[in-house]
Amino acid sequence: MNRLTTNYPESNAATFLNYAFGKDGWVHIRHDGLQGDVPLTEWAKLQCCLRRCEEAPDGSPEEIDEKVCDCLIDNPECPVALAYCFAVQACLLRGRLKLYEDTGKDPYGGPLGGVI
């Protein structure tokens, strides 16, 4: 079985599977159309400002994260908050899978690649 996680994606599929990744304790995205390796909090802040959101987050990464997460609860139709949620979820799942792929063991200690 080929790895799904990589820090250097070379195909579209690998890029999609590794677009959101963890770095320095925060979720980053590979590219925002202008630059690479963008903290998700900065991306969300910019997207809210571009949409002239009245509740646009500002401040530290912690404050931005809290504001966007609150937005998701209060406004579940907000596309920025939804994208933020999906990116965090993808990053967490990628991180967990990467641990398994790096050790070659499944969560129960057996070799990866067995029948599900």
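The salt bridge (Lys or Arg N to Asp or Glu O under 4.0 Å) contacts involving residues 24-34 comprise nothing, where partners must be two or more places apart or lie in separate chains. Residue pairs satisfying the salt bridge (Lys or Arg N to Asp or Glu O under 4.0 Å) criterion with at least one member in residues 38-48, sequence neighbours excluded, are listed as follows: K45-D58.
P61 has its side chain out of reach of P39: every pair of non-hydrogen atoms, C-beta onward, lies at least 4.5 Å apart. Proximity of L46 to L50: side-chain heavy atoms (C-beta onward) are separated by under 4.5 Å at one or more points. At a threshold of 4.5 Å between non-hydrogen side-chain atoms, the residues K98 and N7 count as touching.
Judged by distance alone, the side chain of E66 and the main-chain N or O of E63 form no donor-acceptor pair under 3.5 Å. Under a 3.5 Å cut-off, the side chain of R3 and the backbone N or O of T5 do form a donor-acceptor pair. The backbone N or O of I29 sits nowhere less than 3.5 Å from a side-chain atom of H31 that would complete a donor-acceptor pair.
Heavy atoms from other residues, nucleotides or ligands lying under 6.0 Å from CD of E77 number more than 12.
Y8 and N18 share no donor-acceptor pair across their side chains, judged by distance under 3.5 Å alone.
Atom-to-atom distance recorded for W26:CH2 and I64:CD1 is 8.5 Å, nearest 0.5 angstrom. If you take SG on C78 and CZ on R51, they are separated by 8.0 Å, rounding to the nearest 0.5 Å. If you take CG on N12 and CG on L17, they are separated by 11.0 Å, rounding to the nearest 0.5 Å. In this structure, the separation between SG on C71 and OH on Y84 is 11.5 Å, given to the nearest 0.5 Å. Atom CG in L40 sits 9.5 Å away from atom NE2 in H28 (nearest 0.5 Å). Once rounded to the nearest 0.5 Å, the distance linking CD of Q47 with SG of C53 reads 11.5 Å.
L72 and V80 sit in two unconnected hydrophobic clusters of ILVMFWY residues. Membership requires side-chain heavy atoms under 4.5 Å apart, directly or through other members.
Only one option out of L92, V88, V38, T41 pairs with V27 in a side-chain contact (heavy atoms from CB on, under 4.5 Å); it is V88.
In this structure, G22 and C91 approach most closely via the heavy-atom pair N-SG, 3.3 Å. Taking every heavy atom of both residues into account, W43 and A83 meet most closely at CH2-CB, 3.6 Å.
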